[in-house]
Each structure stands twice: as C-alpha cells, then as structure tokens.
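Hydrogens, waters and symmetry mates play no part in the numbers below; they use all other heavy atoms, side chains included. Counting begins at 1 with the first residue of the sequence.
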Amino acid sequence: AGLRWTITQVLLQGDSRNRSRGGALEIIEALTPIMGLTLLFTSLCTEKLWSTLPNSTYFSSGWNSLLTILILLAGGVIALCMVFAEFTLIANTSALTFMVAGTFKEVVTVGAAVLFLHEDFTLVNGLGLVVLISGVALYNYFKYQKYKEGLLLEEQIELMSEYDNLRKEKDDEASSLLPLQPQFRRL
C-alpha cells in the first residue's frame, strides 16, 4: 500500500525531474482502465463467475437484477468519492500523512469493535495499540515542529526583505540629499 500511495503522490505533486500529471480526477481517469482490467482478471480467476452467476438469486428476476445493478452502482459512486478524497488529500499533503491517518482510522475501528461489538481486547492488542498511538503522536509532533520551523524561516525571510527595502529607501533618500557634483566634459 505504501508504494501505491507514494506513486500516487509523485503523479499528483510531481518530483524534482517531472511535473505533476494533473489533479485527482485526471489521475483517476488515467488509472481506472488498468485498475478495472486488473480487478476483472482477478475476479474471473478467483470467483469463477460463469458457474456462480447463473445460480445466483441476485439475477433470478428482472427486479433482482435491477436492484443488484443499482447497489453495485451506488457502491461504485461511493468508492469513486472515497478515491477522489484520498487523492485530493495526498495532493495537498503527502503519502506518509495519508498512511498515518489510515493507521489512526484503524485505531478508531478497533476501539469501536471493542466498545460496540464487545470484541476481546488482550494485552497484546493493548501493547500494539500503545505502539501505534505513540508512532502517530511522534509523527505528528515532528511534523508540527517542522511546520513551525518553516513558519519561523518564512517570517525571518520576510523581515529581512522588509529590512532590505527600508535600507534601500534610506540609501535613495541619502543620495538625493547629496550636493550635485559638477560634471566635466571630455575633450
């Protein structure tokens, strides 16, 4: 998954040698055919649709077929919206930030399973959760420190620029106050 998101980041943001390939929708449009064909091939190889679909109740009548197709289309629209949101997030941040957010999502999922579904929560699960939360917290701390350093650097550059402009204005004023020097012609 990390390689997929890193390649997506390079496509969306470009790198030192290549410019961006476009926005989220352009990248989705470019990747959809190969993703669709890969999924079709995998599905045909593993699910043996030619033997499963004729006996399926999902296509036993016109109404069931229509309902099945509508459910599949709704799932497809939801998946498209999710991929668009993911690509937009990666375009504006980084693949690493996206993966950390995904890790946090897993923590929330485990917490919800324990609270609402009364799943077992063992010591090993707890230690894993502590390591995971510590990693996310450290990543966010270091990212925030880098962000603050960047803001401080930008502020210093802005102050230096203002200082240079003020100094230039003072130099211009001082040179305009100097007495005029006689100019001599060369013969």
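Once rounded to the nearest 0.5 Å, the distance linking CD of E86 with CD1 of I28 reads 9.0 Å. Separating the CD1 atom in I27 from the OG1 atom in T88 is a distance of 11.0 Å, to the nearest 0.5 Å. For the atom pair CG (L39) and CG (L44), the distance works out to 9.5 Å, reported to the nearest 0.5 Å.
With sequence neighbours excluded, the residues forming a side chain to side chain contact (heavy atoms under 4.5 Å, CB included) with L89 are T93, F98, listed by chain and number. Every residue was checked against the side-chain hydrogen bond (donor to acceptor under 3.5 Å, both in side chains) condition with N92, not counting sequence neighbours, and none meets it.
Screening S60, S65, S61 against W63 for a side-chain contact (heavy atoms from CB on, under 4.5 Å) leaves a single residue, S61.
Connection of I90 to L80 is established within a shared hydrophobic cluster, with ILVMFWY side chains joined at heavy-atom distances below 4.5 Å, either directly or through further cluster members. Hydrophobic cluster membership is shared by F87 and L25, with clusters built from Ile, Leu, Val, Met, Phe, Trp and Tyr side chains linked at under 4.5 angstrom.
For the pair Y58/L72, no side-chain contact is recorded, criterion being any heavy-atom separation below 4.5 Å from C-beta on.
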In a table with atom names and distances, give each donor-acceptor pair under 3.5 Å that connects a side chain of residues 109-133 to protein atoms at least two apart or in another chain.
| from | atom 1 | to | atom 2 | distance (Å) |
| --- | --- | --- | --- | --- |
| T109 | OG1 | K105 | O | 2.9 |
| T122 | OG1 | N125 | N | 3.3 |

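Within 6.0 Å of atom CD in E29, 12 or fewer heavy atoms from other residues, nucleotides or ligands are found, so the atom counts as exposed in its surroundings.
When all heavy atoms of T68 and F59 are compared, the pair lying nearest together is CG2-CZ, 3.7 Å.
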